[in-house]
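Shown next, in C-alpha cells, is the structure this report addresses.
Note that the structure is predicted; figures quoted are calculated from it, not measured. Throughout, protein chains are lettered first and strands after them, A, B, ... in sequence-line order, and every chain is numbered starting at 1.
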Number of protein chains: 2
Amino acid sequence: MPSDRTRTAILAAAERLYADRGFGDVTLRDIVAAADVNLAAVNYHFGSKDELIAELFVTRSLALNRERLSELRAAEEVRGGRAPIEAVLRALVGPTLRGCLGPDNQRSTAARFMIRVSIESVPPIRRIRNREIDHLRKFVAAMARSLPGCSDVELYWGLHFALAMAQQTVRDSERLTKLSDGKCDVDDVDDIIERVVSVAVMALAGAWC
Amino acid sequence: MPSDRTRTAILAAAERLYADRGFGDVTLRDIVAAADVNLAAVNYHFGSKDELIAELFVTRSLALNRERLSELRAAEEVRGGRAPIEAVLRALVGPTLRGCLGPDNQRSTAARFMIRVSIESVPPIRRIRNREIDHLRKFVAAMARSLPGCSDVELYWGLHFALAMAQQTVRDSERLTKLSDGKCDVDDVDDIIERVVSVAVMALAGAWC
DNA sequence: AATAGTTTCATACAAGTGTTTGAATTGCAA
DNA sequence: TTGCAATTCAAACACTTGTATGAAACTATT
C-alpha cells in the first residue's frame with residue numbers, strides 16, 4: 001500500500017487552488033508549492049496534470065450526485081415515492097448552493113471546485129462530463145412522479161431553469177450583490193434555495209402541468 | 001488615416017476564434033494565421049494581446065447595451081414610459097438569445113463572443129466589466145416603472161434570474177438538447193425568449209409585487 | 001524621382017509550461 | 001545489516017507563449 005500522504009496533499013492543494021483561481025491560471029508549480037511536494041510528484045502519482053484534474057472531477061462529481069440522490073430518496077421515502085415537487089428540486093439545487101454560498105467558513109472547497117468545472121469546462125473534464133446527463137435523468141423521472149401528467153418538455157425546461165438560476169447565483173453572486181447594493185443577501189442560503197425552488201415550481205405549474 | 005485592413009482583419013479573426021473556442025486556447029499565432037497577417041501585427045496595431053481583447057470587448061459591450069436600450073426605449077414609447085414588464089424583460093434577454101441561438105446562419109459572432117466573455121472572464125476583461133452594473137441599473141429602473149410598488153429586492157432577483165436563465169440556455173444548450181433527446185428545441189428562439197420572460201414575470205409576480 | 005513616415009515581415013528573445021530523467025533518499029522485508 | 005523496491009528530488013528538456021527588434025517593403029507628399 002502506497003503512502004498516500006503526498007497524493008492527498010496534492011489533491012487537496014490542487015482542489016483549493018482550482019476552486020479559488022480557476023483552471024486557467026493554476027500551474028503545476030503552484031500546486032506543488034502549495035502542497036509542499038516536489039514538482040515531479042504530480043507526474044509520478046497521477047501520470048499527468050490532466051489526469052489529476054480528471055481524478056479530482058470524478059471524485060467530486062460522484063460525491064455530489066450521491067448527495068443529491070440521498071436527499072431525493074429521503075424526500076421520496078416520506079410519502080412512498082411521491083415527494084412534492086419542491087422537495088425534488090431542493091434535492092437538485094440544495095447541495096451546490098449550500099456548498100458554494102453562505103458564510104465563508106461553511107463553504108466547501110469541493111462545491112466551489114465543481115462550480116469551476118461548470119464554468120470553465122477544461123478538455124480533460126469535457127470528456128467525462130457526459131455522464132451528468134444520466135444523473136439528471138433520474139431527477140426528471142422524480143419530477144415526473146411528483147407531477148404526473150406534466151409533459152416531458154416542460155419538465156426538462158423546469159429542471160434546466162432551476163439549475164440555471166442556482167448556478168448563475170453561485171457564479172455571479174458578486175454582481176448581484178453590487179447591483180443590489182447588498183440588499184440581496186447571498187449569504188442567506190436557505191432563502192436563496194427557496195427562491196430558486198419556488199420560481200422553478202411556478203415555471204412548471206404555469207405551463208399547465 | 002491608417003489603412004485599417006490589417007486591423008479589422010485581426011479583430012474579425014480574433015472575435016470568431018474566441019467565440020468558437022474560448023479565450024483559453026486561442027493563441028496569437030492562431031489569430032494571425034486566420035487573419036492572414038504577420039505575427040507582429042497584433043502588437044503593432046493593438047499594443048498587446050490583452051489590449052486586443054479589451055478593445056473587442058468594449059466595442060461589443062457598447063453595441064449590446066445600445067441594442068438592449070433601443071428595444072427598451074421602443075417599448076416604453078408605446079405607452080409613455082410605462083412598458084409592460086414583459087417588454088422590459090424581452091429587451092433585456094432578447095438580443096443575446098437571438099444572437100446566440102437559432103439556425104446557424106443567423107447567429108452572430110458578436111453575441112457568441114459576448115457569451116464567451118460571460119463564461120470565461122479573462123483578466124483584461126474583468127477589469128472593465130464593472131460598467132455592466134450601471135447598464136443593468138437602467139433595466140431595474142425600467143422594471144420599477146412597469147411594476148410600481150414592487151420592492152427593489154424582488155426586482156433585483158427577477159432581473160438576476162432572467163439573465164441566469166437566458167445565459168445558461170445559451171451556454172449549455174447542448175446539455176438541454178441531449179437531456180431532452182431534442183424535444184426541447186433550442187433553435188426556436190422566440191419560444192425560448194417567451195419562456196424566459198414568462199418565468200421571470202412569474203417570479204416577480206409571485207413575490208407579491 | 002526622392003524622401004519621410006508608415007506598415008509589414010522574418011526572426012529572435014525571454015519567460016513559462018508540462019514532462020522526463022537519473023541519481024539520491026527513504027522505508028521495509030529478509 | 002543488507003538488499004530491493006518505492007518514493008523524492010534537483011535539474012534539464014522540449015515546447016509554446018507573448019513580445020521585441022531591425023531590416024525590408026510600401027505609401028504618399030514634395
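The interatomic distance linking B:D4 (CG) with C:dT7 (C1') rounds to 13 Å, in whole Å. In this structure, the NZ atom of B:K49 is 12 Å from the C1' atom of D:dT19, given to the nearest Å. The separation between A:R5 atom CZ and C:dG27 atom C1' is 15 Å, rounded to whole Å. For B:F23 and D:dT17, the CZ to P distance is 17 Å, given to the nearest whole Å. Look at CZ on A:F46: it is 16 Å from P on C:dT20, rounded to the nearest Å. Distance A:E51 CD to C:dG18 C1': 13 Å, rounded to the nearest Å. One can place OH of B:Y44 at 7 Å from P of C:dT6, the figure rounded to the nearest angstrom. Atom CG of B:N43 is separated from atom C1' of D:dT21 by 12 Å (rounded to the nearest Å).
A:E77 and A:R73 are not joined by a salt bridge, as no carboxylate oxygen comes within less than 4.0 angstrom of a charged side-chain nitrogen. Salt-bridge annotation for A:E154 and B:R195: present, with a side-chain N of the basic residue lying under 4.0 Å from a carboxylate O of the acidic one. A salt bridge links A:D104 with A:R107: at least one charged nitrogen is closer than 4.0 Å to a carboxylate oxygen.
The shortest distance between the side-chain N/O atoms of A:H45 and the OP1/OP2 oxygens of D:dA6 is not below 4.0 Å. Of the side-chain N and O atoms in B:T6, one or more sit less than 4.0 angstrom from OP1 or OP2 of C:dT8.
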- Derivation of the side chain to side chain contact (heavy atoms under 4.5 Å, CB included) call for B:L163 and A:D172: CA-CA 11 Å; B:L163 283 176; A:D172 234 346; over 6 Å; no

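B:R171 is listed as a side-chain neighbour of A:Q168, based on a closest heavy-atom distance under 4.5 Å. The closest side-chain heavy-atom distance from A:R145 to A:E76 is below 4.5 Å.
Of the residues listed (B:R90, B:R66, B:R98), the one engaging B:E71 in a salt bridge (Lys or Arg N to Asp or Glu O under 4.0 Å) is B:R98, and it is the only one.
DNA chain C is contacted by A:T27, A:L28, A:R29, A:L39 of residues 26-39 of chain A, taking any non-hydrogen atom closer than 4.0 Å.
Taking only side-chain atoms of A:A40, from C-beta outward, the nucleotide of D:dA10, C:dT19, C:dT7 with the closest atom is D:dA10.
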